[in-house]
Amino acid sequence: MLCQECQQNPATVHITKIVNGKKTEMHLCETCARKKEELDFSFEPQFALQNLFGSLLHDGLPKAGEKISLSRIQCPNCGLTFAQFRQIGRLGCSECFSAFGDRLPLLLRRIHGSSSHVGKIPGRTGSEVKFKRELAGLKEQLKIEVERENFEEAARLRDQIKAMEGQLEGGGQVG
Amino acid sequence: MAKKGELLHGYWIEGTGPEEEVVVSVRVRIARNLVKLPFPYLATDEQTTKIQNIIAGAAAKQGSAFKDFSFMPMEGLDGVQKQILVEKHMVSPYLARNSHNGALFLRNDGAVSIMINEEDHLRIQSILPGLQLEEAWQEANRYDDLLEGKIDFAFDERFGYLTACPTNVGTGLRASVMLHLPALILTKQISRLLTALSQVGLAVRGLYGEGTEVIGNLVQISNQVTLGQPESEILRNLEGITRQVISQEQSARQTLLNGSREKLADRAGRAYGLLNHARVMSSHEAMQLLSDFRLGYDLGLIKGYDRRLLNELLVLIRPACLQFLAGRELSPEERDRERPAQIKKRFDEYRQSAEKENK
Ligand SMILES: [Zn+2]
Ligand SMILES: [Zn+2]
């Protein structure tokens, strides 16, 4: 077997990566493996993004009747088009996330199995998000209490939810 | 960095941690970006300068919290200096090689690196010895909070922290564990285990030589999912699975020790002999010998050394470290001659200082 990189020397070093149960192999000669050496021991896992985007190719295509071309879906802030994003696998700026609209959740679900964040919220700027997350938690709790027929507790929660929703609509200081 | 004595300095190299017989180190990194400014690969020179100034400015405003950090613009370092930081895992290859106006805040103990203009505007990482995932997260998280106190990070209610690559969106958290698994590899249980790990959503990386041998017996596992799970759950999953791998490795070591103690002692002794007396050594051979030596040490078959020496040797055999020690650029062939010479030198220094302490 010849080295994948230089196509000249015999491949003596075989690098195997297993990502999501999918095995990818690299076959290199000693010289090319040396060049890659630092990367191989580095901590950053390399993901087979191309594969993910490959399958997105079909999902991202305009649906019947949708006449816009992918190169015309563009982020107004950084200028990256959706077609470019698909090619390079990188977004251009924070505003790309809203510019590419409903195409992103699909991709994110494919990668992560989810498209909603449930982790850390920034302390200083995230108080409204925290407030909303708390509200959503109370609504969940309300459902449970109603199912359990704990009506007293349910009533208390309903009042609390109402008050919080009022606060949110009023645009007042939250959190 | 300029002084030779500091070459092998680093908290994960020198320190100790739980489960260190199997876990070499853990690393946690979080990705953050500024609002609206293009991600570094798309940004203009002016914009990357601005990004650097905003982040450096935020650190300056936090005053004493960053007093034990050194600020290093990548442009101020030569190729070897940058590569040494990569070899010590304190800088990513991307920051060292591809970044425009890249910069590093390195905590003086080497445990925390804050990278500016990496793939994202900001990458905060902590690397610690042994299985200390929670501790590494706390370290990184602390600096995230400090910087967030002064900078608006790109955050979306639905998607969480926004990153250049969709594989980092959400928590922006990547946690990795570097494992030394010689017994699982010797007893050929490794490939089944690695396949199982990758099926539970972890990424597994190892460097393979001829056949199925993992070079240096080092395997790295890390989380893949960054969205839809809170940080605590991501870390707990990785830690739980790591503990299972550790216990399998430990029981494989016991089996080996019961059945082939003499063979293992012979293997470690031969590794010691070659490490101290060989004249030409490739990095792959050195990795394998260091693994044999480490296993002998961990099983109590080799005495009189310590883990710090083992970790130092793991770093010292890398190309940039060798060139730094030699004081000049070396071709791959020259490195293969320099490598055993430097290993022997380090062993000699170690023995001399041990003798001194005994007197
Ligand atoms: Zn080659
Ligand atoms: Zn954009």
Side-chain angles (χ1 to χ4, degrees), chain A residues 12-23 25 30-31 33-34 37-47 49 52 77-80 88-98 104-105 107-109 111-126 128-129 132-133, chain B residues 27 33 35-39 41-42 83 86-87 89 92-94 145 148-149 152-162 164-167 169-171 173-174 176 178 194-195 198-199 201 203-210 220 222 224-231 282-284 318-319 332:
Chain A
T12 54
V13 179
H14 310 280
I15 298 164
T16 308
K17 286 176 212 161
I18 309 170
V19 174
N20 259 350
K22 245 187 239 152
K23 214 165 165 181
E25 290 181 2
E30 191 76 16
T31 319
R34 259 173 216 282
E37 194 175 45
E38 318 87 85
L39 285 172
D40 295 333
F41 291 116
S42 81
F43 272 71
E44 197 65 23
Q46 323 249 305
F47 293 98
L49 253 190
L52 285 166
N77 184 53
C78 72
L80 193 81
I88 53 183
R90 299 288 183 278
L91 293 132
C93 74
S94 57
E95 308 312 296
C96 287
F97 285 82
S98 42
L104 277 181
L107 171 69
L108 292 172
R109 265 197 301 276
I111 299 173
H112 301 284
S114 162
S115 59
S116 347
H117 179 61
V118 291
K120 184 175 175 177
I121 296 168
R124 184 174 49 82
T125 55
E128 189 177 323
V129 182
K132 283 183 186 164
R133 198 183 276 180
Chain B
R27 191 197 69 146
N33 286 286
V35 175
K36 285 198 173 170
L37 279 161
F39 296 139
Y41 81 96
L42 254 193
Q83 194 54 31
V86 173
E87 291 173 359
H89 304 306
S92 65
Y94 186 98
D145 285 343
E148 196 268 331
D152 289 353
F153 286 148
F155 181 85
D156 179 85
E157 190 178 337
R158 178 172 184 192
F159 299 136
Y161 289 96
L162 305 178
C165 184
T167 58
V169 167
T171 56
L173 169 69
R174 188 87 56 216
S176 324
M178 184 69 94
L194 296 188
T195 308
S198 66
Q199 277 160 358
V204 183
R205 281 160 52 78
L207 182 64
Y208 288 71
E210 280 306 333
Q220 181 210 308
S222 51
Q224 283 201 85
V225 167
T226 59
L227 189 61
Q229 288 178 9
E231 290 83 356
S282 71
S283 117
H284 292 169
R318 310 290 309 280

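Per chain, numbering begins at 1; letters A, B, ... match sequence-line order.
Most heavy-atom pairs under 4.5 Å with chain B: of the set G123(A), C93(A), G113(A), this distinction falls to C93(A). In terms of heavy-atom pairs under 4.5 angstrom with chain B, the leader among S98(A), G79(A), P105(A) is P105(A).
One finds the CG atom of L91(A) at 7.0 Å from the OH atom of Y41(B) (value rounded to the nearest 0.5 Å). For the atom pair CG (D145(B)) and NZ (K120(A)), the distance works out to 3.5 Å, reported to the nearest 0.5 Å. Here the CG atom belonging to L42(B) is positioned 7.5 Å from the SG atom belonging to C96(A), to the nearest 0.5 angstrom. C78(A) SG to K36(B) NZ: the interatomic distance, rounded to the nearest 0.5 Å, is 12.0 Å. The structure places CZ of R158(B) at 9.5 Å from CG of L104(A), a figure rounded to the nearest 0.5 Å. The CD1 atom of I111(A) lies 6.5 Å from the SG atom of C165(B); values are rounded to the nearest 0.5 Å.
Proximity to chain A (any heavy atom under 4.5 Å) is shown, for F159(B), by both the backbone and the side chain. Proximity to chain A involves both the backbone and the side chain of L227(B), based on heavy atoms less than 4.5 angstrom apart. Proximity to chain B is limited to the side chain of L80(A), based on heavy atoms less than 4.5 angstrom apart. With a 4.5 Å cut-off on non-hydrogen atoms, E148(B) touches chain A through its backbone and its side chain both.
Closest of all the heavy-atom pairs between T167(B) and H112(A) is O-CE1, 3.4 Å. For G228(B) against S114(A), the heavy-atom pair with the smallest separation is CA-OG, 3.3 Å.
Residues F97(A) and D156(B) form no side-chain contact, since every pair of their non-hydrogen atoms from C-beta on lies 4.5 Å or further apart. Proximity of P166(B) to L108(A): side-chain heavy atoms (C-beta onward) are separated by under 4.5 Å at one or more points.
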